[in-house]
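Scroll down for the structure; my scribbles are underneath it.
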Amino acid sequence: MNILMAVSEAVPFAKTGGLADAVSALSLSLAKQGHTVKIVLPRYYHINRDTLRHLEGEMGVPMGGREEWSAVYAAALPGSAKKNPVEVYFIDHEQFFGRDGIYGVPSEPDFMDNPRRFTFFCRAVFQLCRKIRWYPDVFHAHDWPAALVPVFLKYRERGAPFEYAVSVLTIHNLGYQGIYHKDNFSYTNLDWSVFYSAGFDDWNMMNLLKAGLNSADKLNTVSPHYAWETQTSQHGFRLDGVLRSRSADYTGILNGIDTNIWNPKKDASIPRRYSAKDMAGKGAAKEALQKEFGLPLAPDVPVIGMVTRLTEQKGVGEVFGPAYGCAWSLCRDMDIQMVLLGSGEPWCENEVKSLSRRLSNFKAHIGYAEKESHLIEAGSDFFLMPSRYEPCGLNQMYSLAYGTLPIVRNTGGLADTVQNFNQETGEGTGFMFDDLTPLAIYNTVGWAVWAYYNRRDQIEAMRAAGMKENFSWDKSAKKYLEMYETALAVVHSR
Ligand code: ADP
C-alpha cells in the first residue's frame, strides 16, 4: 500500500506534542510491515536545509486565484530501514514558514495567517504527488492543520490520478479545531457552495477540522474510549453531533509507545536497568530521583511522580489551585513524597514553586527535561494523571512499562490502558477515579498509599501485571491498516 501522511509535526524534525511522536512511530511501523510511507511536512525555519536533499525545480500551488511557488526538500526519517525507508518531504515557502514557531510564538500563539499557511500546505500535498509522480492509495491527514487534505480530495482532486485514493483523518486532540474568519475560505479556491456542503460553517466562522471530519472517508481518534466520549456533548467540543453522524466510519485506535526509548531494560537515563524479574534497579532509580529533587533518601516512603504540561486539560487546577487544590493536604496528611516536572500556565508554575518551598516532601522542577522524565517514570512508586480529558496519554503507558502504578481519572485513553485495583482479588494495574474534584484525587491517592503500606504483595503483583502489557506500535499499525483496507474496498467497489 502507498500511504501519505500529511501532518504539521513529526519527530525529530518538529514537535509540540504527542502528535509528532505518533506520526513518526506509526510510519516506521507501517514501513516495517512492507508498505511505502511518505510524510509531508512544512519546512519550518528551524529545520536546516543543509541537512536535506533538494528536489530539482520549483513547485506551483494554486491559491486564492494565483499560484504560490515553493521548493521541496527531502530526507529519510531517522530509524527507517535502508531497504524501505520512510521518506519525509518538506514544503519550503519563505513567506509562510520562514519564521520561528510552528503554529505561533509566545507573543502570537496562533499566527494570524495560519488558515492561509495550512491551506497552502494541504494543497501542496497534491502538487507534490504530481511532482514526484507517486500516487498514494491513502491520504492520511492528522488534526486541523491537515484537515483540508480530505476536503481537497473529495471536492477537487477526485479525478485522475487520484480516482482510487481514499482519505483518513485522525483526531489527536479535539480541543484544537482551526476556527478562523470565513474570509479565509477564498484561499482554498473552492466554490462557496462547498463552504456549506462540506460543513465549514461554524457560527459564521470557518472550521477546518469540521470540514475535514465531514469529508474524510474514514475517521479515527487515538483511543477507543475517547472515540466514544467525543460523541457526547461533555467531551465533543461542539463537534459531537458531527462525529455521531459519522459514527459508522469513526473508530478509536490506541497510540503505541516507542519501546526502544521507554523500556527499563534498555534505558540509559536511569542508574541501573531493570525488568519484572529483577527489580533492584527500580530501587536505585528511586534513590537517584530523591537525590535529584533534594528529597530525604527514604526507600520505604512512596513517591508520587508527575510529568505534565501545566494546563487545565491535565487537571492541574484540582491538584495545585490555590486554596482549592489537594496537593497541600496530600503532602501534609500522608507519609509520601511528591515530585513534579512540568511547565505551562504561569499561575500554576508559581503555585508549584511556592509549594516546593513550603513543603519538605514536595519538590518540583519547572521546565522540559527528557532525561529527568525517564528518572521520574522509573523512580516513582505511583504516577498521577488527573486529566480533565485525555485523547490517549503516553505517560500512563510509560509508567506501566516501568512498574510504576498510575493513579488516573477514568477518561479517554487512561480508561483504555489502566485497569482499576480490585482489593478483593488483587487484580489491576492502577488506581482510578471518576469525578475530577480535589477530594476524589485526595481519596484515590490515599487509597494507593494505603495499599502501599498494607498490601505490599498486591502492589508488587500489580507492578508485574503492568510490565507485561504490550503497547507496541506494531499492534496499532495493524488496526490502521484494517481501516485503510475497509476504506479502499469501498472506493474499488464503486
Ligand atoms: P500531551 O501530548 O497532551 O502533553 P501525552 O501524555 O500524550 O500528553 O504526552 C506528553 C509527552 O510529553 C510525554 O512523553 C511526556 O513525558 C512529555 N512531557 C511533558 N512535559 C514534559 C516535561 N516538562 N519534561 C519532559 N517531558 C515532558
Side-chain angles (χ1 to χ4, degrees), residues 7-12 14-26 102-103 142-143 170-176 221-223 225-226 229-230 235 237 252-264 267 269-270 289 292-293 305-316 319-320 339-346 348-349 352-353 356 363-380 383-402 404 406-409 411-418 430 471 473 476:
V7 69
S8 52
E9 41 184 294
V11 287
K15 170 169 172 168
T16 68
L19 161 68
D21 296 297
V23 169
S24 296
L26 171 62
I102 293 181
Y103 311 110
H142 300 264
D143 275 350
T170 300
I171 303 167
H172 295 262
N173 191 335
L174 194 58
Y176 303 89
T221 186
V222 290
S223 70
H225 198 77
Y226 193 60
E229 281 178 334
T230 47
H235 291 279
F237 285 97
I253 301 176
L254 202 64
N255 279 338
I257 62 173
D258 188 331
T259 46
N260 282 317
I261 298 174
W262 292 97
N263 184 344
D267 197 331
S269 308
I270 58 177
L289 178 65
E292 171 102 8
F293 278 79
M306 290 180 84
V307 179
T308 183
R309 290 186 287 123
L310 301 173
T311 63
E312 274 308 303
Q313 184 203 329
K314 300 295 179 182
V316 292
V319 184
F320 301 111
V339 295
L340 175 135
L341 167 65
S343 60
E345 287 170 22
C348 195
E349 290 189 358
V352 159
K353 280 189 233 164
S356 212
K363 296 291 163 224
H365 288 173
I366 300 295
Y368 192 95
E370 202 76 40
K371 191 165 185 253
E372 217 166 55
S373 71
H374 283 246
L375 190 59
I376 294 180
E377 286 294 0
S380 303
F383 194 94
L384 180 59
M385 273 179 96
S387 304
R388 185 169 302 279
Y389 72 96
E390 195 62 79
C392 176
L394 294 171
N395 277 306
Q396 84 281 10
M397 295 193 269
Y398 301 156
S399 299
L400 291 167
Y402 281 75
T404 300
I407 302 172
V408 301
R409 180 149 180 259
T411 188
L414 302 172
D416 289 318
T417 49
V418 180
F471 295 119
W473 264 105
S476 316

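First listed ligand is number 1; within each ligand, the first listed atom is number 1. Residues: numbered from 1 along the sequence shown. Small disclaimer: the values here were computed from a predicted structure and weren't measured. In what follows, every heavy atom counts, from backbone to side chain, and hydrogens, waters and symmetry copies are set aside.
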(Q) For Cys392, state whether at least one heavy atom is located under 4.0 Å from any atom of ligand 1. (A) no

Q. For atom 3 (O) of ligand 1, which of Gln396, His365, Arg309 has the closest heavy atom?
A. Arg309

(Q) Can you tell me how far apart CD (Glu345) and CG (Leu310) are? Round to the nearest 0.5 Å. (A) 8.0 Å

Q | atom 22 (C) of ligand 1: nearest protein contact (heavy atom, Å) | A | Tyr368 CD1, 3.4 Å

(Q) Checking a contact table here: which protein heavy atom is nearest atom 5 (P) of ligand 1, and how many Å away? (A) Leu394 N, 3.7 Å

Q. Rounded to the nearest 0.5 Å, how far apart are CG of Leu19 and OG1 of Thr170?
A. 9.5 Å

**Q.** Distance, nearest 0.5 Å, that separates CG of Asn173 from CD of Gln313
**A.** 5.0 Å

Q) Which atoms from ligand 1 have a heavy atom of Gly367 less than 4.0 Å away? A) 22 (C), 23 (N)

Q: Calculate, to the nearest 0.5 Å, the distance between atoms CH2 and CG belonging to Trp262 and Leu400 respectively.
A: 13.0 Å

Q: If you have a sec, work out which protein heavy atom is nearest atom 8 (O) of ligand 1 and how many Å separate them, to one decimal?
A: Lys314 NZ, 3.1 Å

Q: Report the nearest protein non-hydrogen atom to atom 14 (O) of ligand 1: residue, atom name, distance rounded to 0.1 Å.
A: Tyr398 CE1, 3.3 Å

Q) Going by the atom numbers of ligand 1, which of them fall below 4.0 Å from some non-hydrogen atom of Gly342? A) 23 (N)

Q | Residue, atom name and distance, where the atom is the protein heavy atom closest to atom 15 (C) of ligand 1 | A | Asn395 ND2, 3.3 Å

Q.
Testing the basics here: between Ala22 and Trp473, what is the closest heavy-atom pair and its distance to 0.1 Å?
A. CA-CZ2, 3.6 Å

Q: Give a yes or no on this: more than 12 heavy atoms of other residues, nucleotides or ligands lie within 6.0 Å of atom OH of Tyr176.
A: no

Q.
Ignoring hydrogens, what is the shortest heavy-atom contact between Gly379 and Leu289? Give both atom names and the distance.
A. C-CD2, 3.7 Å

Q. Is the shortest N/O to N/O distance between Ala369 and ligand 1 below 3.5 Å?
A. yes

Q. Taking all atoms of both residues into account, what is the closest heavy-atom pair of Ser343 and Gly367, and its distance?
A. CB-N, 3.9 Å

Q) So which heavy atom in the protein is nearest atom 2 (O) of ligand 1, and how far is it from that ligand atom? A) Gly18 N, 3.4 Å

